[in-house]
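Structure first, commentary second.
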Number of protein chains: 2
Amino acid sequence: MASSRVTLRDIAEEVGVNPSTVSRALNPKTRGMVTGEIARQITEAADRMGYRPNPFAYSLRTNRSFTVGVLVPDLTNPAFAPIIKGIDNVLEASGYSVMVANTDNVAERERRNVDKFRERHVDGLVIATARRHDPLIDECRTEGTPLVLAVRKTTDSDISSVVSDEVTGGETIMSHLAQLGHRRVAYVAGPQELSTGFERHQGYVRGLNANNLEYDAGLVEFCDAFTEEEGRRAASRLLASGRDFTAIVAANDMIAIGIYDELQTKGLVCGRDISVVGYDDMLFSSKFDPPLTTMHSPLLDIGAEAARILLEQIDDPETPPRSVKMTPELILRKSTGKPA
Amino acid sequence: MASSRVTLRDIAEEVGVNPSTVSRALNPKTRGMVTGEIARQITEAADRMGYRPNPFAYSLRTNRSFTVGVLVPDLTNPAFAPIIKGIDNVLEASGYSVMVANTDNVAERERRNVDKFRERHVDGLVIATARRHDPLIDECRTEGTPLVLAVRKTTDSDISSVVSDEVTGGETIMSHLAQLGHRRVAYVAGPQELSTGFERHQGYVRGLNANNLEYDAGLVEFCDAFTEEEGRRAASRLLASGRDFTAIVAANDMIAIGIYDELQTKGLVCGRDISVVGYDDMLFSSKFDPPLTTMHSPLLDIGAEAARILLEQIDDPETPPRSVKMTPELILRKSTGKPA
DNA sequence: ATATGCTCTGCAATCGTTTGCACAGACTTT
DNA sequence: AAAGTCTGTGCAAACGATTGCAGAGCATAT
C-alpha cells in the first residue's frame, strides 16, 4: 500500500478505464472533461490505493519540477538563515521543494551551483549572493528561468528583487546619532561591490548631509567582507588614525561585533566612551555586550516576499520583473548614547 | 548551445551511432563496452554540443534522484544551521542536491515533509528532528530509504546516527564545576523526549556521582523546549524555590541565555554571584554578557559525517547501520568561576 | 431524416534515459 | 575447417506521466 508503486495504469485497470482518463480526472484543470460519476470512482480508487504521482514522469513530460533553488553565501550566517526560512515557509505551502546551496562567497561555487540548478530544471531561482555587477546574474536573466534577487541586488533594475531600503536605513541611523549630539561619526563600510555595502554607505553620506555634518574621508574605512575580523581591523585603523570621533556606525552587525572586539582590547567601553551602531538586527544582537543598537532588516519577510514574487513569475513567465523595497526599523539599545 | 536541449539522440545522429551506444560511452561503468575511438568521438561531440543529461529521464528510468532531504526543526537556529552546512558541503562535492525542510518542531509538519521527500524519491534522508520514541522514524526505517539521524537520535540502536557524546559532555561539565569548588549545582534540563535533553541530564546525574555530590530533585527544572523563554522560566522557578546553589548548568546555550535574562532581572551577576554553563557552543556564545562557558558540539562535523554515512548507505543499501559519537569539548569562558 | 455540434473517452506518441536481448563479425580452439 | 567464444552495436521495451487527435455516442437544429 506504501510508496509510489501504484500508477495511473493501476487505477485505470481498477476502474476499467484508460489511463488517460485517470490522468484527466485527477488533474483539476481537466477534471471537467470526465463524467462526474467516473471521476468520482477514480478519485476514490486513487485514494484507496494510495496513488502518488511519479514526479519524474511528470517532470519529464512537462518540464516542471516544482522545485526552486536558493543560493546563499552562508547558511549559518544569521543575516541569511531567516531568508531561507521565509522562502521555505511560503514555498512549502505551495507544494514546492527548495534546494539550497551554500557558496561561501566564492564566485566559482556560485556558478557551479547555479549550473547544477539549471541542469536539474528548477522552476525558479532565488539568489542572495548577487554583486552589483554580476555576470552570473546577467546570464541567468538571459537564460530565462524565473529569478528573484534577495537582499543583494544588481545595478540592473529590470530584474526582480526584494531588498530592504538600505539608504534610508543608513540615513536614519545618522539622524539618530545627530540627535544624540554626535558631530563626528566614523563609518565602517561593507564591500562596495554588494548593494548592501554600497547603499548603506550612501545612506551614511546622505545622513551626514541631512544633518549638516561634513564628510571626512579619514573617518570612513572599508571592509572586504562582512566579517567580524574585517570589522575589527577597520576599527583598529580608525583608532590608530588619531582622528577624533564619538561614534562608529558599522555596515552590519557582524562588523559591529568586530568593532566591539577592538574597542574592548583598547579598553574603551562602548555606549559610554563611544557609540556603535550595527545593521540587520541579526539574531542575538540584543545579547551582545552591550546590546547593540541596530537597524532591523526584515529578513524573514524578504525571503517570503521573494518567494511570492517567484511564484508569480513561475505561474506566468510574462509577468514583468518586480522590485520591492522593505522598510527597516531602528532598534535602540545600549550601544549608543550621548557623546562622551 | 545552452540548456539541456541536446539529447543522447542528437549526439547519436551527430556521430552516426545508436543512442544506446552514446549512453554507454558516456556512462563510466559501461564505457568499456564501446570501441575506444567511437567512445572518444562521442565524448568529444557531447562536450562540443554541451550535452547535459536530463535528470528526469534518468531518474524515471533508474529511480535515483541524486537528491537528499534534510529535516531540521529550525533553519535559523545556530544549533542546527551548521549541521545543514556540513551536510551540504559533502553532498555538493558528490553531486547531490539537498532539499531542506523546516518543521518548527511540529510533528505534523515533519510527517508532511518526510512524505513529500518520499514522493519525490529522494535517495536518502537526514533527520535532525527525531524524538527518542518517534513513530515517524520507525516508519521511515521500515519503508526503506536510507536514513541517518543527526544530533537527535531515537532509543533504537539499529538505525544510523551521528551525535555528540552528550552524557560524557554533561559529566565533564560537572567535573569542571566541582573542581572550581561548587557543591550545589542546579540543572535546567531540556525536553526529555529528545536524546539531547535526556542524555545531557543523564550526564549531569553521573557527574554528580562522579564528584560525590548528591542529587537533589529540587535543584532540577525541566523545560518543554530548548528556548530562551523556557530557560528563563525555569531559572525563575529555581530562584523562587529558595534553595541554595552556586551554579546552574543549562541543557543548551539557548536555555542558558534565558537563565542570563532571569539572573539579570533579579540583579544577580553571572560569573561572580553565580556560575552558568551552557551546551553546544553555538554561534556568538562567546559574545554574550558574560561570555558563556559551554560544551562545544561539533555540529559541522556531525552534519558532514551524517552525509558521509548516508552516501555509504545509498551506494550500498546492505551496509549495516552505523552510529558515530563525536566528542564534545569544554570551552571555558567567563560565566563560570569559584562559588561566591 | 439528415446534418451539425458537443461531450466524453481511448489511442498512441512523446518526454530522454537505461538496459536486456539478439546478432554480426572477428577471434580462439580443436 | 568447423565449432565455439567474445566484443561491440543496435533494436526496442521499459520507466509513468500528459496531451493532440480521432471517433463514438447522443442531443439539438435544420
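Naming convention: chains lettered A, B, ... in sequence-line order (proteins, then strands); numbering from 1 in each chain.
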Interatomic distance where [atom1] belongs to [X] and [atom2] belongs to [N] [whole Å]:
X: N54(A); N: dT17(C); atom1: CG; atom2: C1'; value: 14 Å
X: E119(B); N: dA17(D); atom1: CD; atom2: P; value: 12 Å
X: L26(B); N: dT19(C); atom1: CG; atom2: P; value: 14 Å
X: E37(B); N: dG8(D); atom1: CD; atom2: P; value: 14 Å
X: L8(B); N: dC11(D); atom1: CG; atom2: P; value: 15 Å
X: H121(A); N: dG16(C); atom1: NE2; atom2: P; value: 9 Å
X: N63(B); N: dT19(C); atom1: CG; atom2: C1'; value: 15 Å
X: L60(A); N: dA14(D); atom1: CG; atom2: C1'; value: 13 Å

*salt bridge (charged side-chain N to carboxylate O under 4.0 Å, His left out) partners for D316(B), two or more places apart*: none
*Identify, with sequence neighbours excluded, every residue that meets salt bridge (charged side-chain N to carboxylate O under 4.0 Å, His left out) alongside D158(A).*
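Checked D158(A) against salt bridge (charged side-chain N to carboxylate O under 4.0 Å, His left out); matches are R141(A).
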_Around atom CZ of R112(A), are there more than 12 heavy atoms from other residues, nucleotides or ligands closer than 6.0 Å?_
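Above 12, so yes.
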*Taking for each residue the nucleotide of DNA chain D bearing the nearest heavy atom, is the 5' side occupied by T62(B) or by T62(A)?*
T62(B)
*Output every pair passing ring pair (Phe, Tyr, Trp, His ring centres under 6.0 Å) with a member in residues 32-58 of chain A, not counting sequence neighbours, ordered by first then second residue.*
F56(A)-H121(B)
*Can a side chain N or O of Y58(A) be found less than 4.0 Å away from OP1 or OP2 on dC15(D)?*
no
*Return the set of residues passing side-chain contact (heavy atoms from CB on, under 4.5 Å) with T154(A) (not counting sequence neighbours), or none when no residue passes.*
A130(A), D134(A), I137(A), L149(A), D156(A), I159(A)
*Check ring-ring contact (aromatic ring centres under 6.0 Å, His included) between F66(A) and all other residues, then give those that pass, not counting sequence neighbours.*
Y96(A)
*asked:* Within the 4.0 Å limit for protein heavy atoms, which parts of nucleotides 4-13 of chain C are touched? Write it as a string from 5' to 3', B for base, S for sugar-phosphate only, - for none.
replied: ----SSBB-B
